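All figures in this text were calculated on a predicted structure; none of them were measured in a lab.
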Amino acid sequence: MLPVLYSFRRCPYAIRSRYIIALLGTSVHLREVILKSKPSELLSLGGRSSVPQLVDVDGVRYPESLDIIFWALACSDDKKVVNELWPADSVQRNRIKAWIDYNDHFFKHWLDRYKYANRYPEYSEDYYRKKGELFLSRLDKRLSAKKFLLGEQVSLADIAVFPFIRQFVAVNQKWFDSTQYHNVRRWLASFVNSEMFNSVVMVKYPAWQAGQKNTLYPAY
């Protein structure tokens with residue numbers, strides 16, 4: 001018996017959850033969800049029915065991506081990797097939290113409006129992109145001196161943020177490729193061009209249905 005992870009392949013919250021789970025080698029049963037036709041097993045959990053969500057073997061529910069990430073960190077026996085991702089030092093932890101908080105509570109707001117500009121006609125797509133670029137500029141400056149956000153080693157900050165930058169870039173890849181955000185491009189490529197990202201994290205699975213065999217994740 002394994003924990004069950006309800007996921008949606010393209011969702012940045014789900015991507016960061018799957019990335020951490022794969023990196024730590026934690027095994028779960030993955031259930032790919034179609035957002036317009038959510039399975040009754042997910043809906044019957046009550047409350048929020050968004051993804052990702054994880055239910056562990058004791059029936060404890062983890063309804064947010066960060067809940068899932070910290071569950072995976074707590075479950076892992078690889079303390080070296082855990083400490084690299086989430087250092088014991090309180091200063092480093094506060095820096096990680098600051099990057100994630102800004103991404104989740106500020107950048108995500110402008111990302112949604114840039115991606116779905118037709119739903120927010122108050123301003124133009126260009127206006128929303130410029131608002132989002134404030135974060136790209138901040139990232140690029142930080143990454144000019146460091147390989148990753150906290151230094152030369154990847155941390156939870158990088159993994160929690162990069163799926164949202166990936167989504168922002170995908171709105172207009174040609175525009176992004178022409179910008180001065182060279183450090184962001186290099187940093188983002190280190191994730192999205194990696195073997196683990198393409199062969200594990202972003203594998204396409206059919207939508208899960210009741211009675212169907214669960215998918216083991218990560219599949220290696």
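- For the pair Arg113/Tyr127, no side-chain contact is recorded, criterion being any heavy-atom separation below 4.5 Å from C-beta on.
- A pairwise comparison of heavy atoms in Lys80 and Glu84 identifies NZ-OE2, 2.7 Å as the closest pair.
- The aromatic ring centroids of Phe70 and Tyr62 lie 6.0 Å or more from each other.
- Hydrophobic clustering (side-chain heavy atoms under 4.5 Å, transitive across Ile, Leu, Val, Met, Phe, Trp, Tyr) groups Val192 together with Leu139.
- Taking each heavy atom of Leu2 and Val57 in turn, the nearest pair found is C-CG1, 3.7 Å.
- Using a 4.5 Å heavy-atom threshold, the side chains of Thr179 and Arg185 count as touching.
- Arg31 and Ser7 share no donor-acceptor pair across their side chains, judged by distance under 3.5 Å alone.
- Hydrophobic cluster membership differs between Ile100 and Leu134, with clusters built from Ile, Leu, Val, Met, Phe, Trp and Tyr side chains linked at under 4.5 angstrom.
- In this structure, Tyr217 is not a member of the same hydrophobic cluster as Ile34, with clusters built from ILVMFWY side-chain heavy atoms closer than 4.5 Å.
- Remark: Arg138 is positioned above the aromatic ring of Tyr102, its terminal NZ or CZ atom under 6.0 angstrom from the ring centre and at most 45 degrees off the axis.
- For the pair Ile20/Leu85, a side-chain contact is recorded, criterion being any heavy-atom separation below 4.5 Å from C-beta on.
- Atoms CG and CH2, on Asp126 and Trp175 in that order, are 9.0 Å from each other to the nearest 0.5 Å.
- The environment of Tyr205 atom OH is dense: over 12 non-hydrogen atoms of other residues, nucleotides or ligands sit within 6.0 angstrom.
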Please report, to 0.1 Å, the donor-acceptor pairs under 3.5 Å made by any side chain of residues 114-122, with sequence neighbours excluded.
none

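- Among all heavy-atom pairs drawn from Ser65 and Ser17, the shortest one is CB-OG, 3.3 Å.
- Under the 3.5 Å distance criterion, the side-chain polar atoms of Arg186 are left unmatched by any main-chain donor or acceptor of His182.
- No hydrogens or angles considered: a donor-acceptor pair under 3.5 Å links the side chains of Glu133 and Tyr181.
- Contact of the Asp112 side chain with the Tyr128 side chain is not registered, since no non-hydrogen atoms from C-beta on lie closer than 4.5 Å.
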Apply the test side chain to side chain contact (heavy atoms under 4.5 Å, CB included) to residues Asn214 and Trp208: give CA-CA distance (whole Å), side-chain angles for both, the deciding distance (0.1 Å), then the verdict. CA-CA 8 Å; Asn214 286 307; Trp208 181 84; 3.4 Å; yes

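- With contacts defined as side-chain heavy-atom distances shorter than 4.5 Å, the pair Arg16/Ile69 qualifies.
- Using the six-membered ring where Trp is involved, Phe168 and Phe107 have ring planes that are tilted, between 30° and 60° apart.
- Within a 6.0 Å radius of NZ in Lys213, other residues, nucleotides and ligands contribute 12 heavy atoms or fewer.
- Taking hydrophobic clusters as Ile, Leu, Val, Met, Phe, Trp and Tyr residues chained together by side-chain heavy-atom distances below 4.5 Å, Phe191 shares a cluster with Leu24.
- Annotation for Ala88 and Asn83: closest pair N-OD1, 3.3 Å, computed over non-hydrogen atoms.
- Closest non-hydrogen pair, Pro63 versus Arg61, comes out as CD-O, 3.6 Å.
- Outside the 6.0 Å centre-distance limit, the rings of Trp110 and Phe135 are not counted as a close aromatic pair.
- Distance check, rounded to the nearest 0.5 Å: OG of Ser124 to NZ of Lys130 gives 7.5 Å.
- Residues Ser76 and Val81 form no side-chain contact, since every pair of their non-hydrogen atoms from C-beta on lies 4.5 Å or further apart.
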For the pair Ile15 and Arg18, evaluate side chain to side chain contact (heavy atoms under 4.5 Å, CB included) and give the outcome as yes or no after the intermediate values. CA-CA 5 Å; Ile15 290 172; Arg18 296 197 309 273; 3.7 Å; yes

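- Judged purely by atom type and a 3.5 angstrom limit, Ser44 uses its side chain to pair as donor or acceptor with the backbone of Glu41.
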Derivation and outcome, side chain to side chain contact (heavy atoms under 4.5 Å, CB included), residues Arg48 and Glu64: CA-CA 10 Å; Arg48 297 174 68 254; Glu64 302 279 354; 3.4 Å; yes

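- Of the inter-residue distances, the one linking Leu23 atom CG with Ser194 atom OG reads 10.0 Å to the nearest 0.5 angstrom.
- In this structure, the side chains of Tyr13 and Lys108 come closer than 4.5 Å at one or more pairs of heavy atoms.
- Listed for the Asp140 side chain is a donor-acceptor partner under 3.5 Å among the backbone atoms of Asn183.
- Minimum interatomic distance between Gln167 and Arg10 (heavy atoms only, all atoms of both residues): NE2-O, 4.2 Å.
- In this structure, Val51 belongs to a hydrophobic cluster whose other members, linked by side-chain heavy atoms under 4.5 Å apart, are Val4, Tyr6, Phe8, Val33, Leu35, Leu42, Leu45, Val55.
- No donor-acceptor distance shorter than 3.5 angstrom exists from the side chain of Gln173 to the backbone of Ala170, with no hydrogens or angles considered.
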Run the numbers on Arg93 and Asp89 for side chain to side chain contact (heavy atoms under 4.5 Å, CB included), then give the verdict. CA-CA 6 Å; Arg93 288 190 173 186; Asp89 180 72; over 6 Å; no

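- Of the inter-residue distances, the one linking Asp56 atom CG with Trp71 atom CH2 reads 7.5 Å to the nearest 0.5 angstrom.
- Rounding to the nearest 0.5 Å gives a distance of 5.0 Å between CZ of Arg95 and CD of Gln92.
- In this structure, Val91 and Asn94 have side chains that are not in contact, with every pair of non-hydrogen atoms separated by 4.5 Å or more.
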Please table the atom pairs, donor to acceptor, closer than 3.5 Å between any side-chain atom in residues 143-162 and protein atoms at least two apart or in another chain.
from, atom 1, to, atom 2, distance (Å)
Ser144, OG, Lys141, O, 2.5
Glu152, OE2, Lys147, N, 3.4
Ser155, OG, Ala157, N, 3.2
Ser155, OG, Asp158, OD2, 3.4
Asp158, OD1, Leu149, N, 2.9
Asp158, OD1, Trp187, NE1, 2.9
Asp158, OD2, Ser155, N, 3.0

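- Between the CG atom of Asn193 and the CG atom of Leu188 there is a distance of 8.0 Å, given to the nearest 0.5 Å.
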